[in-house]
Structure formats: C-alpha cells, structure tokens
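One structure is given here, and the rest of the page talks about it.
Since this is a predicted model, take the numbers as computed values, not measurements.
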Amino acid sequence: MQQYVVDAFAGRLFEGNPAAVCLLDQWPEDRLMFQIASENALPETAFAVPEGEGWRLRWFAPGDEEVDLCGHATLAAAYVITRFAEPSLERVVFHTRSGPLPVERKGDLLEMDFPAYTLKRLEVTDQLTAALGVRPLEVWRARDLLCVLEREEDVVNLRPDLEAMQQLPGALCHVTARGRVYDTVSRTFGPKCAIPEDPVCGSGHCHIIPYWAARTGQTEFTARQASPRGGTLYCRLEGDRVKLAGRAFLYARAELMVEGLE
C-alpha cells in the first residue's frame, strides 16, 4: 500500500496541516484503516479508491473515528492524485459521505468546493467561558462549535482547558476573530477526536466563512489558521458552498507493510 504524507494549506514544508494519503485499488477492512490512522497519529489519514470517473474518498482520525468531512486531507489527496496517479488531471471529483467534492487546479493552488454549514446561535455559558479561558462575544453551532472572540490576540494567545472542552457541544471547537493582515484568524481544537489542536482545518472554515460573510457582507476571504504550525486558506462563499483553496507540499512517500493484515 502506497502512502504519502502531505502538508496541506502550507506556504512551505513543515507548515500547514499534515495528512497521510493512501491510494488503493480496492477497499481494505475498516479495522485496518482505523489501525493505520492510529499508527500514523496524524490529524487525518485519507484513503482513496478509483470510482467511475472520480475517486471514492474516506477520512479517518486517530481516535477510532471515521469523519464526514475533512478539508486538509481532501486537498492532500487531490495533490497526490494529480501529481502521482493522474498527473494530466486539472480537476478531480471525490465521492464522499458529504456528497461529491470537486477539486480544481488553479495555478499553484488547489481549490475545493465544500458545503457550507448552517449555523445556529447558542447562549454563551459559564461552562464554555471556563473551558476557553476567555468569554466569547458569540457562540454558534453546526457540526462543530464556533466561538467568536473580540481580538486577534485572544485567538493567538488562547490556552483552553482541553479536558473541560470535551464536555462542550460539537465535534470540534473553532475560535475566530477578525485579523489585521488577514481577513480572519482562527484556531481549531478537537480533544474529542484525539486531536488537541488541528493545525489547519478546512471543514472548520465551512463554519467560519459563512459566519463572517453574514457579518461583513464579504464573499472572499484570506484566512489564517493561527496554530503554532500556521496555514493560509483562500476562501470564497458561493451560495451554500464554500470554495477553499491552498497549497500543498510533499513530505514523505512510503510503502506500508500491511499485506495480509486486512
């Protein structure tokens, strides 16, 4: 089994969010994919198998969880396929649990087309404030929790209580604020998924961009994930879809010695 490790939404190697990508001819047992994801101990491991004129794509987190949407691993998979498997492709369509996800090459960027989440406003509680270590201005919920902070510095300097965060609603917890250099800055925490902090979260921006678009009237954003690794996303809201573009860099290529284990 060929596996590639790619830094997605990165401006250079060792930036952005690392994802493992495994290209297959047919699906192994789910148990084996969970084991590989746990062994990799990366935020996500993606598995792709050709299907029709596109590819079937599945994402696995290290905490024995198959996720329904992952931006950075989709970007990484598109990078691997268009570089190694089908280098003549300018557009690849992934069939996923979240529906078809097309990815197009735009110069040195890869642009994804993702569904936007519909947000519901929640009350700012003392429990939430204690978990974050700062009282958010607003809090919203879709698949994940979205907390809006007053200043960019509040996002950058945040030191949440990850154990307490596990008691909050939502799969992941995103914090965001308006930026000075970038249109928006954010960070993402996922202790429920065995990910203390997600370096760059594409699907999180399917929450963040609809929020800021409704708040500001903008439809195009340059977004910065302010994690220690950092990463940049070029985002555009089009109706109920979010276009997410970024760069990717290959870190490693390997052969997994798992023959006969499935």
Taking side chain to side chain donor-acceptor pair (under 3.5 Å) as the definition, give me every residue that meets it alongside Glu86, ordered by chain and number, with sequence neighbours left out. Trp55

Arg58 vs Arg97, side chain to side chain contact (heavy atoms under 4.5 Å, CB included): CA-CA, chis, key distance, verdict: CA-CA 8 Å; Arg58 297 172 68 184; Arg97 290 172 64 173; 5.9 Å; no

Would you give the length of the straight line joining atom CD of Glu152 to atom CG of Asn157, rounded to the nearest 0.5 angstrom? 10.0 Å

Distance-only, no hydrogens or angles: does the Asp161 side chain make a donor-acceptor pair with backbone N or O of Ala164 under 3.5 Å? yes

Nearest non-hydrogen partners of Cys70 and Thr74, listed with the distance: O-OG1, 2.5 Å

Residue Phe249 excluded, over 12 heavy atoms near CZ under 6.0 Å: yes

Among residues at least two apart in sequence or on other chains, which ones pass salt bridge (charged side-chain N to carboxylate O under 4.0 Å, His left out) with Arg141? none

Value rounded to 0.5 Å, distance of CD in Glu15 from CD in Gln225: 11.5 Å

Within the 4.5 Å heavy-atom criterion, are Cys201 and Arg187 side-chain neighbours or not? no

Establish whether Leu237 and Tyr211 are linked, either directly or via other cluster members, by ILVMFWY side-chain heavy-atom contacts under 4.5 Å. yes

Here the pair of heavy atoms bringing Leu122 nearest to Pro169 is CD1-CG, 4.4 Å

Picking from Trp59, Phe47, Phe60, what satisfies ring-ring contact (aromatic ring centres under 6.0 Å, His included) with Phe34? Phe60

Of all heavy-atom pairs linking Thr45 and Cys22, the shortest is CG2-SG, 4.5 Å

Output, in order, the C-alpha distance, side-chain angles, deciding distance and verdict of side chain to side chain contact (heavy atoms under 4.5 Å, CB included) for Val139 and Leu145. CA-CA 7 Å; Val139 58; Leu145 202 63; 3.8 Å; yes

If you count heavy atoms of other groups shown closer than 6.0 angstrom to CG of Asp25, is the number above 12? no

Do Arg236 and Thr219 pair up side chain to side chain, a donor and an acceptor below 3.5 Å, judged on atom types alone? no

Spatial distance of atom CG (Asp113) from atom CZ (Arg91) [nearest 0.5 Å]: 8.0 Å

Do Arg143 and Asp68 come close enough that some side-chain heavy atom pair is under 4.5 Å? yes

For residues 116-133, the salt bridge (charged side-chain N to carboxylate O under 4.0 Å, His left out) pairs (sequence neighbours left out) are Asp126-Arg135

Test item: Ile208 and Leu146 side chains (from C-beta on) under 4.5 Å apart, heavy atoms: yes

For Cys147 and Pro136, which heavy atoms make the closest approach, and how far apart are they? CB-CB, 4.2 Å

For Glu90 and Glu104, what are the C-alpha separation, side-chain angles and deciding distance, and is it a side chain to side chain contact (heavy atoms under 4.5 Å, CB included)? CA-CA 6 Å; Glu90 292 294 318; Glu104 293 188 44; over 6 Å; no

Shortest non-hydrogen pair, Pro43 vs Pro18, comes out as CD-O, 3.5 Å

Tell me if a side-chain donor or acceptor on Lys243 pairs with a main-chain N or O of Glu220 at a distance below 3.5 Å. no

Answer whether the closest heavy-atom distance between the side chains of Cys206 and Leu244 falls below 4.5 Å. yes

Can you name the nearest heavy-atom pair linking Arg105 to Leu89, along with the distance? NE-O, 4.5 Å

Decide whether Leu250 and Val92 are clustered together by the hydrophobic rule: side chain heavy atoms of Ile, Leu, Val, Met, Phe, Trp, Tyr closer than 4.5 Å, transitively. yes

Side chain to side chain contact (heavy atoms under 4.5 Å, CB included) assessment of Phe84 paired with Gln2: CA-CA 11 Å; Phe84 297 105; Gln2 290 292 314; over 6 Å; no

Under 3.5 Å, side-chain donor or acceptor atoms of residues 170-180 against the rest of the protein: list the pairs with distances, not counting sequence neighbours.
from	atom 1	to	atom 2	distance (Å)
His174	ND1	Thr188	OG1	2.8
His174	NE2	Asp144	OD2	2.8
Thr176	OG1	Thr184	OG1	2.9
Thr176	OG1	Val185	O	3.0
Thr176	OG1	Trp212	NE1	2.9
Arg178	NH1	Asp183	O	3.1
Arg178	NH1	Gln218	OE1	3.4
Arg178	NH2	Gln218	OE1	2.9
Arg180	NH1	Glu153	OE2	2.5
Arg180	NH2	Glu153	OE2	3.3

Classify the side-chain pair Thr232/Arg224 by whether it contains a donor and acceptor separated by less than 3.5 Å. yes

So, Gln3 versus Asn40: side-chain donor-acceptor pair below 3.5 Å or not? yes

Quick one: pull up CD1 in Ile36 and CZ in Arg31 and give me the separation to the nearest 0.5 Å. 10.5 Å

So does Leu109 get a backbone contact from the side chain of Arg247, meaning a donor-acceptor N/O pair under 3.5 Å? no

Are the side chains of Leu132 and Met165 in contact, using a 4.5 Å heavy-atom criterion? yes

Rounded to the nearest 0.5 angstrom, the CZ-OG distance for Phe9 and Ser227 is 12.5 Å

Qualifying ring-ring contact (aromatic ring centres under 6.0 Å, His included) pairs with a residue from residues 93-120, counting only residues at least two apart or across chains: Tyr117-His207

Side-chain heavy atoms nearer than 4.5 Å, only ILVMFWY residues, links allowed to pass through others: does that put Val148 and Val155 together? no

Would you check if Leu23 and Tyr4 make a side-chain contact, meaning some heavy-atom pair closer than 4.5 Å? yes

Measure the shortest side-chain to side-chain distance between Pro191 and Glu163 over non-hydrogen atoms and say whether it is less than 4.5 angstrom. no

Could you check whether atom CD of Glu39 has more than 12 heavy atoms from other residues, nucleotides or ligands sitting under 6.0 Å from it? no

Residues 222-241 vs ring-ring contact (aromatic ring centres under 6.0 Å, His included), sequence neighbours excluded, gives none

If Ile, Leu, Val, Met, Phe, Trp and Tyr residues are connected whenever their side-chain heavy atoms lie under 4.5 Å apart, and connections chain through other members, are Val5 and Val258 in the same group? no

If two hydrophobic side chains count as joined below 4.5 Å and joins carry through other members, does Val156 share a cluster with Leu149? no

Report yes if the side chains of Met112 and Leu75 come closer than 4.5 Å at any heavy-atom pair, otherwise no. yes

Roughly how far, to the nearest 0.5 Å, is the CD atom of Glu197 from the CG atom of Asn17? 10.0 Å

